[in-house]
Amino acid sequence: MSIYLRQDEVQPGALVKTMSRDNEIVPALVLSLVTSGHPAPTNKFVRVLSVDGETYVMNALYLEHWK
């Protein structure tokens with residue numbers, strides 16, 4: 001079983017794990033998909049908002065569920 005979200009789970013509103021500036025794992029909400037000019041499907045990124053109020057751009061291939 002994979003710890004990462006499936007492609008169909010990566011969408012706005014998903015609750016995921018992120019690393020805070022204090023190097024703590026905190027929950028974050030996926031806000032939007034970030035599109036790039038590159039045609040390769042592996043270059044998929046999302047913008048997330050952590051509970052600390054900070055936004056990050058994360059690689060969608062390595063998003064983990066917050067449980």
Side-chain angles (χ1 to χ4, degrees):
M1 181 173 169
S2 175
I3 61 171
Y4 301 117
L5 272 69
R6 295 186 316 265
Q7 280 293 76
D8 62 335
E9 296 176 308
V10 178
Q11 56 187 315
L15 191 59
V16 297
K17 292 179 184 178
T18 191
M19 186 71 70
S20 73
R21 295 209 188 265
D22 298 331
N23 291 327
E24 293 182 24
I25 296 175
V26 296
L29 189 65
V30 175
L31 295 177
S32 63
L33 302 175
V34 177
T35 57
S36 69
H38 199 279
T42 58
N43 286 347
K44 187 173 184 182
F45 293 90
V46 294
R47 183 170 305 283
V48 300
L49 174 65
S50 76
V51 294
D52 296 336
E54 298 189 50
T55 60
Y56 302 93
V57 174
M58 299 180 69
N59 188 328
L61 296 176
Y62 302 106
L63 292 175
E64 295 182 45
H65 286 282
W66 177 265
K67 291 188 180 188

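No hydrogens, no waters, no symmetry mates; every other heavy atom, side chains included, goes into these values.
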Smallest heavy-atom separation, Val48 atom then Met58 atom, equals CG2-SD, 3.5 Å

Residues pairing under salt bridge (charged side-chain N to carboxylate O under 4.0 Å, His left out) where one sits in residues 53-67, two or more places apart or in two chains, turn out to be Lys17-Glu64, Arg21-Glu54

Separation between CG (Leu49) and OH (Tyr56), nearest 0.5 Å, reads 9.5 Å

key: Residue pair Leu31, Val46: steps toward the side chain to side chain contact (heavy atoms under 4.5 Å, CB included) verdict   = CA-CA 7 Å; Leu31 295 177; Val46 294; over 6 Å; no

Looking only at heavy atoms, the pair that brings Val26 and Ser50 closest together is CG2-CB, 4.1 Å

Q. Yes or no on side chain to side chain contact (heavy atoms under 4.5 Å, CB included) for Val16 and Trp66, after CA distance, side-chain angles and deciding distance?
A. CA-CA 5 Å; Val16 297; Trp66 177 265; 5.7 Å; no

Close side-chain approach of Lys44 and Leu33, heavy atoms under 4.5 Å: yes

In terms of heavy-atom contacts, His65 and Leu5 come closest through N-CD1, 3.3 Å

Of all heavy-atom pairs linking Pro12 and Ser32, the shortest is CG-CA, 4.2 Å

Donor-acceptor pair, side chain of Asn59 and main chain of Leu61, under 3.5 angstrom: yes

CG of Leu63 to CD of Gln7, rounded to nearest 0.5 Å, is 9.5 Å

Between the OG1 atom in Thr18 and the CD1 atom in Ile25, the distance rounded to the nearest 0.5 Å is 9.5 Å

Applying a strict under-4.5 Å side-chain criterion to I, L, V, M, F, W and Y, I'd like to know whether Leu15 and Tyr62 cluster together. no

